[in-house]
Amino acid sequence: MSQNEMLAMILAGGRGSRLKDLTTKVAKPAVYYGGKYRIIDFPLSNCANSGIDVVGVLTQYESVLLNSYVAQDGRWGLDSKDSGVYVLTPREKADEGLDVYRGTADAISQNIDFIDAYNPEYLLILSGDHIYKMNYAKMLAYHKEMNADATIAVRGVPMKEASRFGIMNTDGKGRIIEFEEKPAKPKSNLASMGIYIFSWKLLRKMLVEDMKNPESDHDFGKDIIPRMLNEHRGLFAYEFSGYWKDVGTIDSLWEANMDLLDPKNELNLNDSSWLIYTEDISTLPQYIGKEAKVKKAYITQGVQVEGSVSNSVLFTNAVVKKGAKVIDSVLMPGAIVEEGAVVTRALVAENVKVGKKAKVGSKTSENITLVAKNVKGGNK
Amino acid sequence: MSQNEMLAMILAGGRGSRLKDLTTKVAKPAVYYGGKYRIIDFPLSNCANSGIDVVGVLTQYESVLLNSYVAQDGRWGLDSKDSGVYVLTPREKADEGLDVYRGTADAISQNIDFIDAYNPEYLLILSGDHIYKMNYAKMLAYHKEMNADATIAVRGVPMKEASRFGIMNTDGKGRIIEFEEKPAKPKSNLASMGIYIFSWKLLRKMLVEDMKNPESDHDFGKDIIPRMLNEHRGLFAYEFSGYWKDVGTIDSLWEANMDLLDPKNELNLNDSSWLIYTEDISTLPQYIGKEAKVKKAYITQGVQVEGSVSNSVLFTNAVVKKGAKVIDSVLMPGAIVEEGAVVTRALVAENVKVGKKAKVGSKTSENITLVAKNVKGGNK
Amino acid sequence: MAKAFGIVSSADNTIYVDGLQDYRPIGSFSFLGRFRVVDFPISNMSNSDINRIQVYLQSKPRSLCEHIGSGRHYNINSKRGKIQLLFSENTSSRSIYNNDISAYKANLDYIQRMHEEYVIVAPSYMVYKQDYRQLLESHIASGAEITVLYHKVENARNYFKGCHTVVLNKQKGVQAIEKNLGTASNKNILMDTYCMRKETFIELVQDASWMSSIYTLPDIINLYCKQMDVRAYQHKGYFASLTSLDDYYHASMELLDYSIASDLFKADWPIYTRTTDSCPTQYFETAKVTNSFISNGCLIEGTVENSIIGRGAVIGKGVTIKNSIIMAYSEISDNIRIENAVVDKWAKIVNAKNIISTELQPQYIKRRDIL
Amino acid sequence: MAKAFGIVSSADNTIYVDGLQDYRPIGSFSFLGRFRVVDFPISNMSNSDINRIQVYLQSKPRSLCEHIGSGRHYNINSKRGKIQLLFSENTSSRSIYNNDISAYKANLDYIQRMHEEYVIVAPSYMVYKQDYRQLLESHIASGAEITVLYHKVENARNYFKGCHTVVLNKQKGVQAIEKNLGTASNKNILMDTYCMRKETFIELVQDASWMSSIYTLPDIINLYCKQMDVRAYQHKGYFASLTSLDDYYHASMELLDYSIASDLFKADWPIYTRTTDSCPTQYFETAKVTNSFISNGCLIEGTVENSIIGRGAVIGKGVTIKNSIIMAYSEISDNIRIENAVVDKWAKIVNAKNIISTELQPQYIKRRDIL
């Protein structure tokens, strides 16, 4: 891809309120995943690996952590001379007040000046809270090949679940002829992944018009895409078949972590040709102690295990002390399981301590237990 | 200075409306100065050279350019592992709406969480729109030596002008006993430079209280400093005697540029022990043509001079064509003076073209002429 | 995704630029005041979407190492891309064993580990602008096994003496590669730039080193060009080979024609370099400068004509610099006259009154020399 | 503002670690799976507010160059600070002329150009934690001309054989510097770490090179310590000199005591290194790991005991690794047993069934070897 042929904009405003206490202090894209990553590492690493130079990250909700996290653009190699990750928050303009982003399309509209500064041919719109590996350069090649106005990445979902998604109906040659948001009777199982490539010139024109439209929700799914279909623009579906997960709940976040315990998992974070980059933390390597038992586990540097761990994912600097047991669980960075404590089917949040001999989680509960606050030591 | 012993926060919200058309698109700290710099390069380079690792830049007004400019923290070497320049804009919190910064102190208060994340001992507050070189490490050493709660940098101004400034009256040992904002009858000539070092623990406490005070303007000069004086805190004045300029108007911006034409100017940008860092632009070196005449000039790379230049400052990629004359003027980046045109006592804005044989500016006008729009070619 | 990785090669033992090369390899020579020669091949690669580049270093690697560094200033993603500095074990630059093939052979592991299908080899001692994507496309479209870049010159009698020439047939097939012995003015100069499959490159390296430990890449291609499909791709525009002091001086002076210089430096083809954070240049009341390229950070009180002045140079009162190259941080004291000279970095000309030579035999003043 | 600049020195010709050093200098050895030895002196300097550091390189500099790069990962401001890589001209590591003094002499320009008043010299082949600000303060307060760092050891008979010892008087004045010949168990080992004024350092370099071209810094200090005020500063805590395979193995095994390791790695004294972006390590159902440091990116199906496993290593089913160091990207196939071995990078143990040696004579398996 030539310099700035395609600019990426990541919508990272998600409040992620279903992730409960994990998102009181951080926006959803900054939530931890996979032992050492944060969710937003995935779209950012995908961008870097796809040869994209400039990425805008659109945030507004309580995002000091997210903002300073993505501002360190060297983490994804996006710090060469003309590259960069830029945090774009709502801002006061000369003749307007300070305004929040009113919708996904509005977030882009409010940053037209930023995009114009790079004069890209194409604009890539991404979501900040999906876990997947995708080569956007290939998607762009498809967009060009189809001579498309817009290309939407889609993935096949089980037909019975299709009514939960935005479904794209195509003409068999990839051209989208209809878009239905959560259809009662879906005609296809191709669900939108919320990943769009637009030819910038056209999108720019439509956004300017949309901004002035008082009826519009200023949303890609609700306004821009339907209008493009009405105008018979060339919209194409780009099928993606790899691992993809939107971790909207504690259960699905836990599940996505558990997926990694299968050594043959589809996401394959071990593939050196498509690495996921993240923050570099100074720690010791992981230490597995004299009496430790570790099996079926996904463990990262800085972890210290003296107890027993099975079927679990342990994040940076998590500690499992002597006699403690961690089963079917996720320990976020710095989580400590004290001597003799037992953690079962739980997700222990960052820096949370499970006290001596305490027991959290249950083998049989309907949902995964979120341990967001220190748990006092239990009785013996 | 140890890692994060002192964090710097740069107040860069200035709308700079007296700089007229130069600030319709950029915030005042992003205005060009000195051939290749922007004003905010000065506090940022001072920070880098003083051993400060983390800098927050507080902006709210139309700042996409300023934000993306400072986000490239490698420009000031502030991109090593635990360093960074972070743009801090007003943001929506979990339980509050989106709110603009109400005053200088409020801008800091709204980012207490950001500051806490680094747990600094001291906080340095700077202005984003002053031109000077200062070693903040020395100011911190003074702050520690005096065992101060707050240290304010001051400079001597001519007594007759003192009533235009915020004046610090000291006890002769550096301790501030009184602060008067624009006093009619100044008792001293020590003017505040708007540079403060606070012991963070105390300031944090005062900011939290100030936020709740409905009577407060949430301003350092109006509220925090007077309150500290009332409470008999240890406030000390740190005298600074080098070059210092607040370029609030077109005339003063022009003047500050002209100051550099004196090879012995006090600012001395040629001092290799205290470099000012800025954006790195790929250009040719400056080319002085076959018939060119250049004397008493300050010229940077990418400039092409075919005509005559005297007593002027030429910024990156400015062009002076054959037979054109540039006298007592400033050409901002990419400004073009076409064949036979004459520019006198003017400031030609970025990428503005002065057409063939046009004449702008005047030797005798009261104010410097700002040329902010292309000027059509003149008649012969 | 780039189809090719890049190799920036080092000049072999047959090439030595008197004076300048005593202190650094040619890739590290200052060029036009602001650049270093190696900026050109690396920028060409970066602009051609090649983001994995190997730079081969020989003796005195310090300045080149420091200048290239992490390569971020060449606009290469530091995670996905990489500029790798590779060393030959034999670092005595004048040894006959010290050639390109021995360097590639010593680092064959790192060449084999490259994911890309093709390789572009370009020299660190020549200056030109070339979109390697075009070269690669032409290479693939032609079906050739090797494609080399060449430039038609009309002054091969006086310049390009360290270079090779290519003898072509009507189909632009390479018939032979020969040393330029200065026997004729019109020659096709081999630009030491090659495009081929990685596998072909590895075979050439292995074959060459097996046949003779002093074989170079042009040697083996010359040997094989009868049996392989080796084609030539013509380069147009500015081209300079900095393989002697005369060539260096001549190539620099040529760029004082602003139209030639500005053609080499287009906005859509930036030549990246490492910034030194020097401030703008100060012209004094007495300065008289014409037809010259001046770098930042200079103090100019005297006269400068048809010259190139490096960063931070000081040109005193009453000084005249004519047809010369003054390198960074040199100081020329009051009333000295310098004509047709190359003054190396950090030199101080204090007492010598005049340094005047002819245009055809430029004088070289040593680094840090005090005259 | 730092008062001192740093010099990271290279091991001289008297030191050679069999096997490992065939491929890289000691500074580039992997340590505890995740680090390289040079991370320790550089992190010590960075944490001590020293932000201008010269690293002296000798033969096979590639891996060290690449690892150090721009130095940003060592938390050094890239404008105000600098990690400078400096080369000796004579790069044959076994040559008697190849010593520290000749390297400093060749780069005296760059030493002289440093603004700082003092210099801290630290070796790239030893591992320890030290706040150099304390060393410098003690040096200044004592009024000594040179202060050296030393460590009391109790196993000098078996280890530290390539090192020097310091003979001290009651005032901690240095009486002599001698080679450790293994004649006694209790010795004060010289940590090859020196603190002095820049000017003193330059004088020592010049005097040493004038007296003999094979003099080293400890040689000249030994010679001068009668007439100069040379003092010793005692270091406490973990200390390792990686100057032989035995020393390397022993020092690594010592850190398997987690309390020793975690004392070397405190949150307020980070040891920086270059990240490789490897993912977490996968423990399979059949994994059995005890008392071991495991790096990221490994796949572990077998048994690992009292060992250190480098990045991306693959430990197959039924494998037993005991008291061993397995370096990055090595693959140990099913059912193989390895005891008391050091397996170098990229090795593949496929067919060999058992690699078993005694603790006192660890076996070395070559880089890229396929057994």
Side-chain angles (χ1 to χ4, degrees), chain B residues 34-37 41 45 48 72 74-77 79 257 260-265 267-272 274-306 309-318 334, chain C residues 30-35 39 43 47 70 72-75 78 255-259 261-262 264-267 269-301 304-312 314 329:
Chain B
K36 60 179 284 197
Y37 308 95
D41 289 330
S45 300
Q72 290 280 41
R75 284 175 181 147
W76 306 278
D79 59 342
N257 276 291
L260 295 168
L261 291 172
D262 176 359
K264 290 186 183 123
N265 73 80
L267 189 58
N268 189 12
L269 296 173
N270 212 1
D271 175 8
S272 69
W274 201 271
L275 290 171
I276 302 302
Y277 315 112
T278 186
E279 186 178 8
D280 172 30
I281 295 171
S282 298
T283 67
L284 278 173
Q286 52 199 280
Y287 173 75
I288 312 296
K290 284 182 183 155
E291 297 163 30
K293 283 183 189 159
V294 175
K295 58 180 190 175
K296 222 184 166 201
Y298 201 64
I299 303 186
T300 196
Q301 63 187 42
V303 165
Q304 186 196 355
V305 180
E306 303 280 0
V309 172
S310 69
N311 212 43
S312 296
V313 177
L314 274 56
F315 287 62
T316 315
N317 293 335
Chain C
S30 161
F31 195 70
L32 210 56
R34 184 170 144 68
F35 303 93
D39 292 335
S43 297
N47 290 331
S70 64
R72 278 195 297 155
H73 46 295
Y74 295 113
N75 212 22
S78 56
L255 286 175
L256 287 178
D257 181 337
Y258 191 75
S259 64
S262 57
L264 187 59
F265 296 84
K266 293 278 191 201
W269 201 263
I271 305 301
Y272 303 109
T273 190
R274 176 179 286 273
T275 178
T276 56
D277 303 303
S278 37
C279 67
T281 277
Q282 189 103 45
Y283 293 83
F284 288 63
E285 192 69 47
T286 51
K288 268 190 177 175
V289 179
T290 49
N291 198 38
S292 295
F293 276 106
I294 315 285
S295 304
N296 269 11
C298 297
L299 299 174
I300 300 185
E301 295 192 74
V304 178
E305 243 181 273
N306 307 325
S307 292
I308 294 167
I309 311 291
R311 279 170 170 140
V314 178
Y329 312 112

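All values reported here derive from a predicted model rather than from experimental measurement. Within every chain, numbering begins at 1; the chains are lettered A, B, ... in the order of the sequence lines, protein sequences first and strands thereafter.
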For a 4.5 angstrom cut-off between non-hydrogen side-chain atoms, does [X] reach [Y]?
| X | Y | result |
| --- | --- | --- |
| C:Ile294 | B:Tyr287 | no |
| C:Arg72 | B:Asp79 | yes |
| B:Phe315 | C:Pro280 | no |
| B:Ser282 | C:Phe265 | no |
| C:Tyr283 | B:Ile288 | yes |

Worksheet item: Going through the distances and angles, do B:Asn270 and C:Leu299 end up as a side-chain contact (heavy atoms from CB on, under 4.5 Å)?
Response: CA-CA 10 Å; B:Asn270 212 1; C:Leu299 299 174; 4.0 Å; yes

Chain C heavy atoms under 4.5 Å from [X]: which part of the residue, side chain, backbone, both or neither?
| X | value |
| --- | --- |
| B:Leu275 | side chain |
| B:Leu314 | neither |
| B:Ser272 | neither |

How long is the span from the [atom1] atom in [X] to the [atom2] atom in [Y], to the nearest 0.5 Å?
| X | Y | atom1 | atom2 | answer |
| --- | --- | --- | --- | --- |
| C:Cys279 | B:Lys36 | SG | NZ | 7.5 Å |
| B:Leu260 | C:Gln282 | CG | CD | 7.5 Å |
| C:Leu256 | B:Lys290 | CG | NZ | 9.0 Å |
| C:Phe284 | B:Lys295 | CZ | NZ | 14.5 Å |

If you look at every heavy atom in [X] and [Y], which pair is closest and at what distance?
| X | Y | result |
| --- | --- | --- |
| C:Tyr258 | B:Leu284 | CE1-CD1, 4.1 Å |
| B:Asp280 | C:Arg34 | OD1-NH2, 4.3 Å |
| C:Phe293 | B:Pro285 | CD2-O, 3.7 Å |

Worksheet item: Counting heavy-atom pairs under 4.5 Å to chain C, which of B:Asn311, B:Thr316, B:Thr300 comes out on top?
Response: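 Top count of heavy-atom pairs under 4.5 Å with chain C: B:Thr300.
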
Practice prompt. Could you check which of C:Ser292, C:Ala287, C:Pro270, C:Gly33 has the highest count of heavy-atom pairs closer than 4.5 Å to chain B?
Written response: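 Looking at each option in turn, the highest pair count goes to C:Ser292.
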
Practice prompt. Against chain B, work out which of C:Thr290, C:Asp277, C:Asn296 has the most heavy-atom pairs shorter than 4.5 Å and name it.
Written response: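 Top count of heavy-atom pairs under 4.5 Å with chain B: C:Asn296.
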
Worksheet entry | Interchain contact, C:Ser278 with chain B, by part (heavy-atom threshold 4.5 Å) |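 Backbone only.
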
Practice prompt. Check whether C:Ile271 gets within reach of chain B through its side chain, its backbone, both or neither, counting any heavy atom under 4.5 Å.
Written response: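 Answer is backbone: N, CA, C or O of C:Ile271 sit under 4.5 Å from chain B.
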
Fill in: Set of ring-ring contact (aromatic ring centres under 6.0 Å, His included) partners for B:Tyr277, sequence neighbours left out
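ring-ring contact (aromatic ring centres under 6.0 Å, His included) check on B:Tyr277 returns nothing, list empty.
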
Practice prompt. For B:Asn257, check side-chain hydrogen bond (donor to acceptor under 3.5 Å, both in side chains) against everything at least two apart and list the hits.
Written response: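 By the side-chain hydrogen bond (donor to acceptor under 3.5 Å, both in side chains) rule, B:Asn257 matches no residue at all.
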
